[in-house]
There are 2 protein chains.
Amino acid sequence: MTESIAAANAATDKPARQWGRTQQTRRVILDAARDVFIEEGYADANIAHIVERSGLSVGSVYHHFNGKADLFLALWDEFETVYTEAATTAVADARHSGVSDPIELFIAGTRAYLEVARGASRLTLLFRGGDGPPGYDTLGRRVGAEWMKNNTTLLGLEDTPVSRLKVRILISTVVEGERAIASVESPSEIDTLIDEAISIVRSIASL
Amino acid sequence: MTESIAAANAATDKPARQWGRTQQTRRVILDAARDVFIEEGYADANIAHIVERSGLSVGSVYHHFNGKADLFLALWDEFETVYTEAATTAVADARHSGVSDPIELFIAGTRAYLEVARGASRLTLLFRGGDGPPGYDTLGRRVGAEWMKNNTTLLGLEDTPVSRLKVRILISTVVEGERAIASVESPSEIDTLIDEAISIVRSIASL
DNA sequence: GTCTATAGTAAGATAGAC
DNA sequence: GTCTATCTTACTATAGAC
């Protein structure tokens with residue numbers, strides 16, 4: 001699997017050849033932005049480099065996006081969608097297979113989430129690296145808000161400070177797993193890390 | 001307890017009146033910087049505001065510090081020192097009281113760490129909020145590197161990807177606890193949060 | 001939609017007198 | 001050590017032709 005989150009998204013769009021010019025151009029720009037952000041980090045990246053890499057012009061980039069922050073956020077959106085969908089689907093599948101224990105359903109989602117991280121290490125490093133546009137809050141507050149909200153209800157947690165803490169710790173745990181996965185190479189090591197992360201998640205969720 | 005981490009540090013300096021002018025000025029500047037960073041966040045804060053707040057001049061500020069990032073890092077240093085010392089002392093105390101179980105020693109440090117967070121909510125929000133100078137990596141990579149290294153050996157962990165993951169998750173957990181504490185008011189709620197965080201830490205460390 | 005050229009601007013940092 | 005005035009730089013973002 002190449003590191004293209006876009007590829008995973010493509011299925012939801014029309015066949016490539018029928019894309020309007022606008023969609024193609026946006027894609028080219030986003031790909032360029034992704035590469036530049038990965039190489040230089042958000043803070044150091046500048047529009048000029050993205051323009052250069054895309055082979056287009058400043059004007060064109062600004063025609064399609066509102067600027068650097070907008071580009072970053074658009075990429076984040078794609079990134080997050082893939083994770084969230086994988087997790088959501090896995091939970092639904094598990095449910096249909098007869099799993100009904102909330103913790104096990106949650107684990108199914110977590111495992112799917114972490115599996116996605118296998119193929120997305122450079123992007124993980126980018127989006128979990130801690131820089132981004134102003135207002136792009138680091139870490140868990142941004143981990144699939146939707147996904148986590150679902151899981152909170154899934155786990156039958158109420159909205160108290162204590163259960164909020166628990167949920168945040170679960171999120172951090174998954175994110176740390178994601179980071180760890182991004183930093184090793186061998187598939188078998190990744191398997192071990194996923195298992196470890198899952199077992200920690202299970203022990204927290206079971207408290 | 002007022003929100004002055006500096007106060008906790010003062011003991012390590014000479015009596016106030018004997019400070020050289022340089023030390024006094026540095027203190028004034030740091031206090032101003034702290035307030036401005038807390039109010040505006042790192043990214044939005046600018047040297048002009050800090051200068052204004054300090055009642056000094058641009059030149060003077062630059063005479064004492066290398067700029068905005070340097071100021072932030074100096075504040076971070078004070079912040080971190082207080083936490084680390086509290087935790088280190090607590091571990092030593094526990095040990096002298098006859099505690100020898102590594103996990104319980106670790107918990108003693110964690111509890112002390114979280115207790116410090118009670119009085120430092122605005123600073124917590126600042127330093128755990130996710131912005132900072134380039135290179136100020138978010139989250140756990142910066143939680144008392146020293147403290148955590150000690151605790152890693154304390155817990156008898158080796159240097160494998162899996163135990164690194166475990167340590168990082170422990171760090172994140174403590175940091176999430178810190179954040180949670182910073183976001184509630186009542187002391188009794190804080191107690192509950194500390195207990196919850198500790199019990200999660202314990203369950204992870206015991207795995 | 002795409003391009004080039006350029007305007008705008010904000011802030012970090014320095015020079016050099018006192 | 002401290003001050004004021006100023007510079008510089010690096011980008012982002014827009015204007016307006018094609």
Side-chain angles (χ1 to χ4, degrees), chain A residues 13-14 16-76 126 131-136, chain B residues 13-14 16-76 126 131-136:
Chain A
D13 292 297
K14 296 172 193 165
R17 280 292 145 170
Q18 290 184 28
W19 283 1
R21 199 177 19 157
T22 290
Q23 287 308 314
Q24 283 184 51
T25 306
R26 282 181 61 96
R27 185 74 264 146
V28 167
I29 296 170
L30 285 173
D31 287 347
R34 183 202 55 198
D35 291 349
V36 171
F37 285 141
I38 285 174
E39 279 168 28
E40 312 181 359
Y42 180 81
D44 289 349
N46 62 28
I47 297 272
H49 292 164
I50 294 172
V51 167
E52 210 176 324
R53 174 80 60 125
S54 72
L56 297 167
S57 64
V58 199
S60 185
V61 168
Y62 274 96
H63 179 77
H64 291 285
F65 297 93
N66 288 322
K68 185 171 150 179
D70 193 31
L71 283 164
F72 186 90
L73 264 8
L75 288 167
W76 162 257
L126 172 61
D131 75 344
Y136 173 73
Chain B
D13 292 298
K14 296 172 195 164
R17 279 292 145 171
Q18 289 184 30
W19 283 0
R21 198 171 25 152
T22 290
Q23 288 308 315
Q24 282 184 51
T25 307
R26 281 179 61 96
R27 184 74 265 146
V28 168
I29 296 170
L30 284 173
D31 287 347
R34 183 202 54 198
D35 291 348
V36 171
F37 285 141
I38 284 174
E39 280 169 28
E40 313 181 0
Y42 180 80
D44 288 349
N46 61 30
I47 297 272
H49 291 164
I50 294 172
V51 167
E52 210 175 326
R53 174 78 61 124
S54 72
L56 296 167
S57 64
V58 200
S60 186
V61 169
Y62 274 97
H63 179 76
H64 291 284
F65 296 94
N66 287 321
K68 184 171 152 179
D70 193 29
L71 283 165
F72 186 90
L73 264 8
L75 288 167
W76 162 255
L126 172 62
D131 73 345
Y136 173 74

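Throughout, a chain's letter reflects where its sequence line sits, starting with A, and its residues are numbered from 1.
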Sugar-phosphate, base or nothing in reach of G59(B), heavy atoms under 4.0 Å: base
Under-4.0 Å side-chain N/O to phosphate OP1/OP2 contact, T25(A) with dG1(C): no
K68(A) vs dT12(D): side-chain N/O to OP1/OP2 distance below 4.0 Å: yes
Side-chain (K68(A)) to main-chain (P133(A)) donor-acceptor, under 3.5 angstrom: no
E52(B) CD - dA11(C) P separation (whole Å): 13 Å
Length of the NE2-C1' vector between H49(B) and dA11(C), whole Å: 11 Å
Qualifying residue, where the test is side-chain hydrogen bond (donor to acceptor under 3.5 Å, both in side chains) with E39(A) and the options are R53(A), H49(A), R34(A): R53(A)
Residue among I50(B), V51(B), T25(B) satisfying side chain to side chain contact (heavy atoms under 4.5 Å, CB included) with L56(B): T25(B)
Interatomic spacing from CG in L30(A) to CZ in F72(A) - rounded to 0.5 Å: 12.5 Å
Check: D70(A) side chain, F65(A) main-chain N or O, donor-acceptor pair, under 3.5 Å: no
Interatomic distance, F65(A) CZ vs dG1(C) P [rounded to whole Å]: 12 Å
Protein-nucleotide distance (H63(A), atom NE2; dA13(D), atom P), rounded to Å: 17 Å
Short side-chain N/O contact from H64(B) to OP1 or OP2 of dT2(D), under 4.0 Å: yes
Nearest-Å distance for atom pair CG/P, residues N66(B) and dA13(C): 9 Å
Length of the line joining L56(A):CG and dT4(C):C1', which is rounded to integer Å: 14 Å
Atom pair distance, as rounded to whole Å: OH in Y62(A) and P in dT6(C): 18 Å
Nucleotide of dC3(C), dG12(C), dC11(D) approaching N46(A) most closely (side-chain heavy atoms): dC11(D)
Atom-pair distance (CD1 on I47(A); P on dA7(C)), nearest Å: 20 Å
Residue S60(B), side-chain atoms from C-beta onward, closest of dT14(C), dC3(D), dA13(D): dC3(D)
